[in-house]
Chemist: 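I'd like to ask some things about the structure below.
In this text the structure is predicted, and so the values were computed from the model without any measurement.
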Amino acid sequence: VPDRRYGLYVWPCAAVLAQFVWSRRGALPGRRVLELGAGVSLPGIVAAKCGAEVLLSDSEELPQCLENCRRSCLMNALPHLPVLGITWGRMSPQLLSLPPVDVILGSDVFFDPKDFEDTLTTVYFLLEKNPQAQFWTTYQVRSADWSIEALLYKWKLKNTPIPLHSFGADKEHLAGSSLPGRHTIEMMIISLA
């Protein structure tokens, strides 16, 4: 059962998305990146270390997750990285006032089916506001019954699967970590159709 503490750990999808970010490091300097549901912020931290202008966000209803984002920034010598409270599916002042973004990151944001549409509502809003942007996301296949395909169609979003082997993430160990293990993790880029 998902609970509030889930944003306080590094999950396997974060390591895989961080590997994808690292594989694109040459294209990141000066790009504006927003991480949704950042938790401990591994992909966003990697993007910042690669020269991107990064904003981290997690639910405004989870102050401990926001604080965890800030701690991760401090531990990685990035004390000035902005951390925003953005709750999926909610049009908040923080969401409405976001500066333009080029890349949206989300690792394991498709964790609980009850959040799928709220997540895609927020992603759609951001892509409409930034038509050239892409949503880079990783998710763990937890059930064959859970799918976002109908929601992608509903929101007129295009899904491009990215094979893990294409960026060296098809191994059990990434960057010396066994975190990815034998989990069934998928990577995709979502953009406007």
Chemist: State the CE-SG distance between Met75 and Cys73, to the nearest 0.5 angstrom.
Modeler: 11.0 Å

Chemist: Could you give all pairs that pass the salt bridge (charged side-chain N to carboxylate O under 4.0 Å, His left out) test and reach residues 118-133, with sequence neighbours left out?
Modeler: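 Residue pairs passing salt bridge (charged side-chain N to carboxylate O under 4.0 Å, His left out), neighbours aside: none found.
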
Chemist: Please indicate whether Met91 has more than 12 foreign heavy atoms, meaning atoms of other residues, nucleotides or ligands, lying under 6.0 Å from its CE.
Modeler: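 Correct, the count exceeds 12.
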
Chemist: Taking Ile45 as the starting point, is it possible to reach Leu74 by hopping between hydrophobic residues whose side chains are less than 4.5 Å apart?
Modeler: no

Chemist: Donor-acceptor pair, Arg31 side chain versus Ala52 backbone, under 3.5 Å?
Modeler: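 Not a single qualifying donor-acceptor pair exists.
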
Chemist: The test is side chain to side chain contact (heavy atoms under 4.5 Å, CB included); show your working for Arg70 and Asn68 and say whether it passes.
Modeler: CA-CA 5 Å; Arg70 291 182 189 97; Asn68 212 34; over 6 Å; no

Chemist: Give the minimum heavy-atom separation between Gly168 and Gln19, together with the two atoms involved.
Modeler: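 It is O-NE2, 3.7 Å.
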
Chemist: Among Ile185, Asp170, Asp108, find the one that has a side-chain contact (heavy atoms from CB on, under 4.5 Å) with Val16.
Modeler: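 Exactly one option meets the side-chain contact (heavy atoms from CB on, under 4.5 Å) with Val16, and it is Ile185.
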
Chemist: Within a 6.0 Å radius of atom CD on Gln132, are there more than 12 heavy atoms belonging to other residues, nucleotides or ligands?
Modeler: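 Enclosed: over 12 neighbouring heavy atoms sit under 6.0 Å from CD of Gln132.
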
Chemist: If every non-hydrogen atom of Leu192 is compared with every non-hydrogen atom of Tyr124, which pair is closest and at what distance?
Modeler: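 Nearest pair, atom of Leu192 first, then Tyr124: CD2-CE1, 4.1 Å.
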
Chemist: Give a yes or no on whether the backbone of Leu78 and the side-chain of Lys49 come within a donor-acceptor separation of less than 3.5 Å.
Modeler: no

Chemist: I'd like to know if the side chain of Asn130 and the backbone of Asp102 have a donor-acceptor N/O pair within less than 3.5 Å.
Modeler: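 Pair absent, no side-chain N/O of Asn130 close to backbone of Asp102.
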
Chemist: Would you kindly say whether Thr138 and Ser107 are connected by a side-chain donor-acceptor distance under 3.5 Å?
Modeler: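 No.
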
Chemist: As a test of understanding, state which of Ile162, Ile104, Val103 forms a side-chain contact (heavy atoms from CB on, under 4.5 Å) with Trp136.
Modeler: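 It is Val103; the other options fail the test.
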
Chemist: Are Phe135 and Ile189 side-chain neighbours, meaning at least one heavy-atom pair lies under 4.5 Å?
Modeler: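 No, side chains not in contact.
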
Chemist: Could you go through the side chain to side chain contact (heavy atoms under 4.5 Å, CB included) check for Ile86 and Leu98 one step at a time?
Modeler: CA-CA 10 Å; Ile86 296 176; Leu98 279 175; 3.9 Å; yes

Chemist: Decide if atom CH2 of Trp155 counts as having more than 12 heavy atoms of other residues, nucleotides or ligands within a radius under 6.0 Å.
Modeler: yes

Chemist: Testing Leu127, Asp115, Ile148, Val109 for side-chain contact (heavy atoms from CB on, under 4.5 Å) with Leu120, which one passes?
Modeler: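 Running side-chain contact (heavy atoms from CB on, under 4.5 Å) over Leu127, Asp115, Ile148, Val109 with Leu120 returns exactly one hit, Ile148.
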
Chemist: Which residues pass the side-chain contact (heavy atoms from CB on, under 4.5 Å) test with Ser191, not counting sequence neighbours?
Modeler: Lys158

Chemist: Measure from the side-chain N and O atoms of Thr137 to the backbone N and O of Gly106, and report whether any donor-acceptor pair falls under 3.5 Å.
Modeler: yes

Chemist: Salt bridge (charged side-chain N to carboxylate O under 4.0 Å, His left out) with Glu117: which residues, sequence neighbours excluded?
Modeler: Lys154

Chemist: When rounded to the nearest 0.5 angstrom, what distance separates CG in Leu105 from CG in Leu17?
Modeler: 5.5 Å

Chemist: Could you pull out the closest heavy-atom pair between Leu28 and Ala47, with the gap in Å?
Modeler: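 What the structure gives for the nearest pair is CD1-CA, 4.2 Å.
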
Chemist: Which pairs with one or both residues in residues 87-101 pass salt bridge (charged side-chain N to carboxylate O under 4.0 Å, His left out), sequence neighbours excluded?
Modeler: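 As it turns out, the salt bridge (charged side-chain N to carboxylate O under 4.0 Å, His left out) pairs with a partner in residues 87-101, which skip direct neighbours, are Glu60-Arg90, Glu61-Arg90.
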
Chemist: Taking Gly89's backbone N and O only, do any of them form a donor-acceptor pair with Thr121's side chain (distance below 3.5 Å, no angle check)?
Modeler: no

Chemist: Can you find a pair of side-chain heavy atoms, one from Leu84 and one from Leu66, that are under 4.5 Å apart?
Modeler: no

Chemist: Check the pair Ser59, Trp88 against side chain to side chain contact (heavy atoms under 4.5 Å, CB included), reporting the backbone distance first and the verdict last.
Modeler: CA-CA 7 Å; Ser59 174; Trp88 305 329; over 6 Å; no

Chemist: How long is the straight-line distance from CZ of Arg71 back to CD of Gln64, given to the nearest 0.5 Å?
Modeler: 9.5 Å

Chemist: With a cut-off of 3.5 Å and sequence neighbours excluded, list every side-chain donor-acceptor pair involving residues 33-44.
Modeler:
from: Glu35; atom 1: OE1; to: Gly44; atom 2: N; distance (Å): 2.8
from: Ser41; atom 1: OG; to: Gly39; atom 2: O; distance (Å): 3.4

Chemist: Partners of Gln94 by side-chain hydrogen bond (donor to acceptor under 3.5 Å, both in side chains), sequence neighbours excluded?
Modeler: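 side-chain hydrogen bond (donor to acceptor under 3.5 Å, both in side chains) list for Gln94, sorted by chain: Ser92.
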
